[in-house]
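Reviewing the structure listed below.
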Amino acid sequence: MLIKNQLAELVKQAIARAQTAGALPAFPAPAVFVERPQKKEWGDFSTALPLKLARAAQRAPLQIAQALAAHVPPDDAVGRVEARAPGFVNFTLSDAWLARQVDAILAEGARFGNLQPERRLKIQVEHVSVNPTGPMHVGSGRNGAIGDTLANILQAAGHDVQREFYINDNGSQVRHFGESIFARYAQALGRDEKLPADGYQGGYVVEMGKHWAQQHGDRFLKMSRDQAVRELGRLGIDVVVASLRETLLRMNVRFDTWLSERSLHEDGTFAQALKILQDQGLVFEKDGATWFAAQALGEAKDEVLIRSPQVIAEPDERPTYLASDIAYVWNKLALREFDRAIYVWGADHHGDVARLLAATRVLGLDEKRVRIVIYQFVTLRRGGEAVRMSKRTGEFVTLDELIEEVGPDAVRFMLITQSANSTLDFDLDVAVKQSEENPVYYVQYAHARIASILKKAAESGVSSAGGDVALLTHPAELELIRAMLRLPEIIELAATKLEPHHLPHYGIELAGIFHSFYKQCRVVSSDPADAALTRARLKLVAAAQHTLARTLNLMGVRAPETM
RNA sequence: GCCCCUGUAGCUCAGUGGAUCAGAGCAGCGGCCUCCGGAGCCGUGUGCGCGAGUUCGAGUCUCGCCAGGGGUACCA
């Protein structure tokens, strides 16, 4: 159990004991909470409960605080309990208990930080899901960094997590893409074929055209143009999806499943979901199109589900994004029975949130099972100048280039350090220059430094075997232990709020506290009189190393033995 | 017009469901290498966009305003 919850339990008991003793009047049991106070002098944990209880208890807050403090049952984790104005009860953990946590952390090893949830949920994190018509840019990199880190965090929080990439292979973009490839293909065969006005201009499309001209000769010129465009579009998507997988792997982002949008239409999932909407009279025909009566549900306007054949002839292009979304949420929650479906979407999709939730309700599903994490845009700059990013024109800095320039660890770290709600200004010049001073290296350095200490110890023939953690009483040692104990709380916070940015901030703090400890406390001492302390400190730094490694790995960042 | 996000130190940003909230990193300045990695440590800071409101108490909640970004298609 988290020490925080253990203390909350003590507070609960203190209320009951104080009431029994007549120190507090009877009142209904309140929701007890314990928080981390801001200043060290206020202890490790505190509760402002007396301030909240003042009305119900008909007493001054400070008086309640004193009554509670006096009735907290003894506990070996608690060193000191103090009532403080204007109405707080502060807890300081006992030094002996803190020291013992080193052994506890070592016993947990790589599992340290994991939580046991009240209920283990089956959670799907669907992220990136970028249009498979070209290389990834930095914005979708942010998506992947956020999504993958969230998935890691939820797993650590004790849930059953599946990571999915949704392949948008059913829209008109597939056709546009196919037309562009066809043009390049025909050009490669010496035909005078123009790239469509709004076609994809990237060099990779030229490469694809050449490649298939070489591989298939004029095969695609012999079939109908429609057929050729469709087939080349699909081939192109397969190639791009494979390269997206490579790029993501470079960032240490892996998926369990890749789900095709087209399959939702081909296997009848959409038809099934549509039927449910139709049965409720929420679907109507107008101007040849099939509409979702969103207005009847309080939305701003009705939405097209299937476009009119007068506008779009190609059947693959007729369902809109919303149609697929509805089929997809049905697939996630009803067919695959995820308790939670987490979507990681860029800010440009925020307008779709309300519609998706409305559709979810109408499908008879609990909208609380859908969680949408919206992240704001990444502005890429070079030397202060904004770099325009457009897939159509091909003028963008790809994620691959960024990883090449800055390094995968620094990229991942930078992409999640800022809260998803903030736009991210990414200056390439600064990023490259900064990579030496990037906080990620600060954290990694702490890990490598410990590896070096452990190596030094091994070379000197000392080990932590039999180390007595009770010898860890130096303020810097206790400070380090306190910092390590925060990891599970950070995981809980990040998992509950779906906010991965707490992790890098914690890592920087933990590394700083370690470096400070390192300066103050010699670990491997050559003085024989220090032998016992050395063994204890070796345990301490090994625990710190586990904690740092865990923090880094949750972010998908390496924990190196050497820099 | 309407909807969403943001505005905190020179810069980039943290700050849980109000109270014991003003913080970190970088940049700058000044110190610290005679046993473990100086990619480090220690010191140094008159800043919460503006104005009201709610409260015992507001970066934090409510409303209005200003500024920046995004959305508002039979595009995805």
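Naming: A, B, ... by sequence-line order, numbering from 1 per chain.
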**OP:** Look at the side chain of H350(A) against the base of G71(B) and say whether a donor-acceptor pair falls under 3.5 Å; ignore hydrogens and angles.
**Re:** no
Original post:
Reading nucleotides 6-16 of chain B 5' to 3', which nucleotides get B (base under 4.0 Å from a protein heavy atom), which S (sugar-phosphate only), which -?
Top reply: S-----SSSSS
**OP:** Go through the structure and list residues passing salt bridge (charged side-chain N to carboxylate O under 4.0 Å, His left out) with D425(A), not counting sequence neighbours.
**Re:** R381(A)
Original post:
In whole angstrom, what separates D316(A)'s CG from A76(B)'s P?
Top reply: 12 Å
Subject >> Test of ring centre spacing under 6.0 Å for H515(A) and Y442(A) >> reply: yes
Original post:
Among C35(B), G37(B), A73(B), which nucleotide sits nearest the side chain of K301(A)?
Top reply: A73(B)
Subject >> Any residue meeting salt bridge (charged side-chain N to carboxylate O under 4.0 Å, His left out) with R412(A), in chain and number order, not counting sequence neighbours >> reply: D148(A)
Original post:
Hey, does V524(A) have a side-chain heavy atom less than 4.5 Å from the side chain of S460(A)?
Top reply: yes
**OP:** Would you confirm whether T551(A), through its side chain, and T547(A), through its main-chain N or O, come within 3.5 Å as a donor-acceptor pair?
**Re:** yes
Original post:
Picking from C74(B), G71(B), C41(B), which would you name as closest to the side chain of H515(A)?
Top reply: C41(B)
**OP:** Could you work out which one of C35(B), C41(B), G70(B) sits closest to the side chain of F377(A)?
**Re:** G70(B)
Original post:
Tell me: CD of E303(A) to C1' of G71(B), nearest whole Å?
Top reply: 13 Å
Original post:
Counting any heavy atom closer than 4.0 Å, what does A347(A) reach on the DNA or RNA strands: base, sugar-phosphate only, or nothing?
Top reply: sugar-phosphate
Subject >> Nucleotide of C42(B), C36(B), C74(B) approaching S452(A) most closely (side-chain heavy atoms) >> reply: C36(B)
Original post:
Mind pulling the stems RNA chain B is in, i.e. runs of at least three Watson-Crick or G-U pairs, everything under 3.5 Å?
Top reply: B:1-7 with B:66-72, B:10-13 with B:23-26, B:28-32 with B:40-44, B:49-53 with B:61-65
Original post:
Base, sugar-phosphate alone, or nothing: which one does Y442(A) contact when heavy atoms must sit under 4.0 Å apart?
Top reply: sugar-phosphate
Original post:
If you look only at pairs with a residue in residues 497-507 of chain A, which of them pass as a side chain to side chain donor-acceptor pair (under 3.5 Å), with sequence neighbours excluded?
Top reply: E499(A)-H502(A)
**OP:** Quick one, give me the B/S/- string for nucleotides 28-34 of chain B, reading 5' to 3', where B means a protein heavy atom under 4.0 Å from the base and S means that only happens at the primed atoms, P, OP1 or OP2.
**Re:** ----B--
**OP:** For the residue pair I508(A) and V440(A), establish whether any side-chain heavy-atom pair is separated by less than 4.5 Å.
**Re:** no
Original post:
Taking the chi torsion of G59(B), is it syn (within 90° of 0) or anti (everything else)?
Top reply: syn
**OP:** Give S172(A) one of three labels, base, sugar-phosphate or nothing, depending on what nucleic acid heavy atoms sit under 4.0 Å from its own.
**Re:** sugar-phosphate
Original post:
What about Y321(A) and H349(A), are their ring centers closer than 6.0 Å?
Top reply: yes
Original post:
Quick one: do R230(A) and E314(A) make a salt bridge, cutoff under 4.0 Å?
Top reply: yes
Original post:
Is C33(B) in the syn or the anti form, by the rule that syn lies within 90° of 0?
Top reply: syn
